[in-house]
Visitor: 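Below is the structure I would like to discuss, written out as C-alpha cells.
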Amino acid sequence: MPLKIDKTKCMGCGACITVCPYDAIVIEDGVARIGEYCQLCQACLSSCQEGAIMESKVDYASIPTEDLAAWSGVWVFAEQRGGKVAPVAFELLGEGRKLAAARGAGLCAVLFGAARSDAQELIKWGADKVYYCGDDIFREFTDEPNAELLSRLISMHKPEVVLAGATAIGRSFLPRVAARLKTGLTADCTSLEIEADTGNLIQTRPAYGGNIMASILSPRTRPQMATVRPKVMKAGRYEPDRQGEIIDVDAAGIRARTRVLETIKAADTGVNVNLQEADVIISGGRGLKGKEGFGMLNELAQLLNGTIGASRAAVDEGWIPYCHQVGQTGKTVCPKLYIACGISGAVQHLVGMQSSDVIVAINKNPEAPIFTAATYGIVGDLNEVIPLLVKKLRERKGAQ
Amino acid sequence: MRIAVCIKQVPDTAEVKINRETGTLVREGVPSIINPYDTHAIEAALSIKEQLGGTVCAVTMGPPQAEASLREAISLGVDEAFLVTGREFAGADTLATACALSGVIKKIGADLIICGKQAIDGDTAQVGPEVAEFLDIPHVSYVKKIIEAGAASIKVERMMDEGSDIVEASLPALITVVRELNTPRLPSLKGKMNAKKAEIKKMGAAELELPVDVVGFNGSPTQVKKIFTPGPRGGRKKLEGSLEEQIDALVNELVEKKCL
C-alpha cells in the first residue's frame, strides 16, 4: 500500500527520516512528506511515535484484477541437474502439500528433462500429478525453453501457487516466467503460509541485505510464484506405494537462443566446498581481522572434521572465496554443529545458518545479534578462545 | 557494439544497523552507493568497448538524486546516461522496474545489456532476467567470465550451484554478472571532469510511451504486507565461569549432544 502522512498528527520530529533506508522522506513546512523514492518497505511505520504514518487505501476498482477464482492448486517446479532431480524438489513437495491442504486443492509437480522414472519418484514424494517433458532440449539448463514451457503449462492449467528452488536455475528462469505472465514472484522465501481470510500466499523473505524480514503478497494476480532456498523446508514423507498421474507434455516449437557448450563440475576446478552437506561448519567473519584468521579456524576445522564457512563481510573483504559464504547471498546450511567466530550475525547471515542443530557463537561484543541465534555463546577475544578450544579438544582426543 | 548497463543506487546495506529495542532500521550515516554488483557490470561493458569499440550507456530508475550514480558511471568512462524518474514509478517491484528499464532500452537500443547479478538491498536477482523477457531476448545469469564477445554472439562462463557452464548466446542478449568477473576501475581525472559536465537524460512514463498502470505501484503485482525483525531462537544455554571453565563446559555439552 502507498504510505501517507497524516499532517494533523505529524510533529515534524524527523524520526522517520532516520530509519528510511531510501532517504525518501523530507520535512516540508514542518511536516514529513514521503517522496517518490519510497519503496513501501514500511520501515518508517513503527518509528512514528504519533502514529502519523498510514497506509493509504488503494482504489482497487481502478486496477484490473484477474478472475482469481479460476486459479487453483499448488505446483512445484522440480529442478534437475544432469538428469538428477535436485533434493529441493522434495522439500518443496513437503511444503506444497501443506499449502495445498490449506486451500483444499491438489499438488502437482513439473519435471523437464530427467527420466520418466524420476517423475514417478515425485509422486512418491507427494505429487498428485506430474507434468513431464523428457525432450532433449532440457538436458542442459537454458533459461528460455524452461520459461516457455512452464509459462505455457501455467496458462493452460491455472495453478494458484507455483514454487521453485531458489537455486542458480530457479532464480535465473523463474523471473522470465513471472514477466511473461505479468505476475508476482518473491525470491528466497524462508516461510510460506496461507492468509486465513483471503487465501493469499504470505511469502516471507529477508530484505535490506538480510537486516529485516518482509512478508510479501501478490493479491491481484495469479499464479503467486515464489522461490525457496534449499534446506529451508523439510521434505515430505516418501511413500513407495503412492499412486499418481504422469501427464506427458510436448516441447513442440520451443526454441533456445542460448547454448551450453560445456559444463565444468566443481570438483574439476579444485574448489569443492560442499557446505550444504557438511556436518560441522566453522565460520569466520569480520572479527577475524584478516586472511590469517582463517588459518586459525582451519586448525579447529581439521580437529572437528569440519568445513570452513564465512560471513559476507569476510568474503567482501577478500579474505576467503565466495564459495565459502553462508547466508542469504551465499549458501543455506544446516549442519549438526555450526561455530560462528567473529561473526556479528546480520539477519543476512542468520537466515543461512539458523536451522543448524547446535550453534556456538564466539564474539567479543556481548551485544552481537549472533548470540540471539546461538545455543552456546562465549564472549571473548578469538585469539584467546580458539587456541584454548583447540587445546581442550586436542587433550580430549589424546585422552581417548 | 552498443552496450547498456542497468544500475541501481542502493543504501549500503552492510552499514545498516537495527535498533534492537524498537526493531527498526537505523539509516543514519548509511551512504548511498552504486549497487556493488553493478560496478562489475560497468567494468565489463567498458572493457568490451575497449576491445570492440562502440558506446556504453548507463540506465537507472530512481528519484532525482539517483543522478549521482549515473555521474559516477560517467566518471568511470560510460558515454551516455539515462534516468527514468517521476512519481509514476514510485513503489515499483521487480516486474514494474523491469518494465520501465526495458522501456528505456527499447528507446535507446542495445546489442548487449549488462546487469549486476542482484541488488544488495533487495537481493532478488529478478530484474535482469525480467528485462530480457520484456525485450524478448536471451539472457545468461551469474556470468563470471566473458570468454568472447563478437558482433553476433557472446560466449561466457556462468556460475551454477555445482560448478559452471560455458554458454553461448546470440545477440542481442542480456547477461547478469558476479563479482568474480573483474575488478572495477577507479574514475580518472578526465572522467570526473566529464561527469560534472555530462547531460543526464531524464525520461518519464510519457517519453517511454508506457501506460501508467504498468509501472510503479500500479504495475507491481507484489506488495509488502509487513516488515519485522526476526525474533531470537529458543534453546539457549548460558556458559558460566572463567573462559577456561566456559570452554570446558562447552566441550562437555558438545560431547553430550554428540557433536564431537
Side-chain angles (χ1 to χ4, degrees), chain A residues 2 18-21 36-38 40-43 46-47 63 143-144 167-168 171-172 175-176 178-180 183-187 208-209 211-218 220-221 257-266 328-329 336-337 347 354 358 372-373 375-376 378 380 388-389 392 396, chain B residues 11 13-14 16 18 22 24-25 27-28 63 87 90-91 95 98 120-126 129-130 133-134 138-142 160-170 217-218 221-230 232-233 235-237 239 243 246-248 250-251 253 257 259:
Chain A
T18 61
V19 302
C20 176
E36 64 194 42
Y37 209 0
C38 175
L40 308 180
C41 76
Q42 308 186 9
S46 56
S47 74
I63 297 168
D143 294 272
E144 287 179 279
T167 58
R171 277 165 60 95
S172 183
R176 289 197 82 115
R180 186 167 305 195
T183 194
L185 169 62
T186 305
Y208 307 100
N211 287 291
I212 54 170
M213 305 296 288
S215 292
I216 313 272
L217 296 177
S218 304
R220 295 188 275 129
T221 54
R257 289 172 291 187
T258 56
R259 201 155 55 100
V260 176
L261 305 174
E262 193 186 330
T263 62
I264 304 162
K265 290 231 158 47
Q328 192 197 1
T329 48
K336 284 187 193 145
L337 174 60
V347 182
Q354 62 196 359
V358 172
T372 65
T375 329
Y376 307 106
I378 294 182
L388 196 54
L389 182 57
K392 295 282 176 189
R396 195 182 153 269
Chain B
T13 51
V16 172
I18 290 179
T22 59
T24 51
L25 292 175
R27 171 62 214 264
E28 256 174 327
R87 279 205 76 82
L95 191 78
I120 59 165
D121 56 345
D123 281 326
T124 71
Q126 287 174 188
E130 285 176 341
E133 182 63 33
F134 274 111
H139 86 274
V140 184
S141 301
Y142 331 117
M160 297 298 281
D161 290 325
E162 295 154 349
S164 57
D165 292 339
I166 310 288
V167 184
E168 189 176 51
S170 61
F217 180 80
N218 285 344
T222 65
Q223 294 174 6
V224 179
K225 180 181 154 69
K226 64 166 180 179
I227 64 155
F228 58 98
T229 41
R233 181 184 134 116
R236 272 196 286 167
K237 202 149 183 179
L239 302 171
L243 187 58
Q246 287 184 47
I247 288 175
D248 281 331
L250 175 65
V251 172
E253 288 277 346
K257 297 223 163 169
C259 288

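Chain naming here is simple, since letters A, B, ... match the order of the sequence lines and numbering starts at 1 in each.
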Visitor: Given B:His139, which of A:Glu144, A:Arg257, A:Arg176 fulfils the side chain to side chain donor-acceptor pair (under 3.5 Å) condition?
Guide: A:Arg176

Visitor: Is chain A contacted by the side chain of B:Ala125, its backbone, both, or neither, given a heavy-atom distance below 4.5 Å?
Guide: both

Visitor: Does the side chain of A:Ser172 pick up a donor-acceptor pair with the side chain of A:Asp143 at under 3.5 Å?
Guide: yes

Visitor: In the structure I gave you, are the side-chain heavy atoms of B:Tyr142 and B:Asp165 within less than 4.5 Å of one another anywhere?
Guide: no

Visitor: Is it the backbone or the side chain of A:Arg396 that comes under 4.5 Å from a heavy atom of chain B, or both, or neither?
Guide: side chain

Visitor: What residue, out of B:Glu133, B:Glu253, B:Met160, B:Gln246, has the most heavy-atom pairs lying under 4.5 Å from chain A?
Guide: B:Glu133

Visitor: Identify the two heavy atoms, one from B:Gln223 and one from B:Phe217, that lie closest to each other, and give their separation to 0.1 Å.
Guide: NE2-CZ, 3.8 Å

Visitor: Are any side-chain N or O atoms of A:Tyr376 and backbone N or O atoms of B:Leu239, one a donor and one an acceptor, separated by less than 3.5 Å?
Guide: no

Visitor: Shorter than 4.5 Å, heavy atoms on both sides: which option in A:Leu388, A:Thr167, A:Leu185, A:Ile378 has the most such pairs with chain B?
Guide: A:Leu185

Visitor: For the candidates B:Leu243, B:Val167, B:Thr222, which exhibits the highest count of non-hydrogen atom pairs separated by less than 4.5 Å from chain A?
Guide: B:Thr222

Visitor: If you look at every heavy atom in B:Ser170 and B:Pro138, which pair is closest and at what distance?
Guide: O-CG, 3.5 Å

Visitor: Looking at A:Gly380, A:Ala179, A:Ala214, which one has more heavy-atom pairs under 4.5 Å with chain B than the rest?
Guide: A:Ala179

Visitor: Considering only heavy atoms and a distance below 4.5 Å, find which of A:Thr258, A:Leu337, A:Leu217 pairs most often with chain B.
Guide: A:Leu217

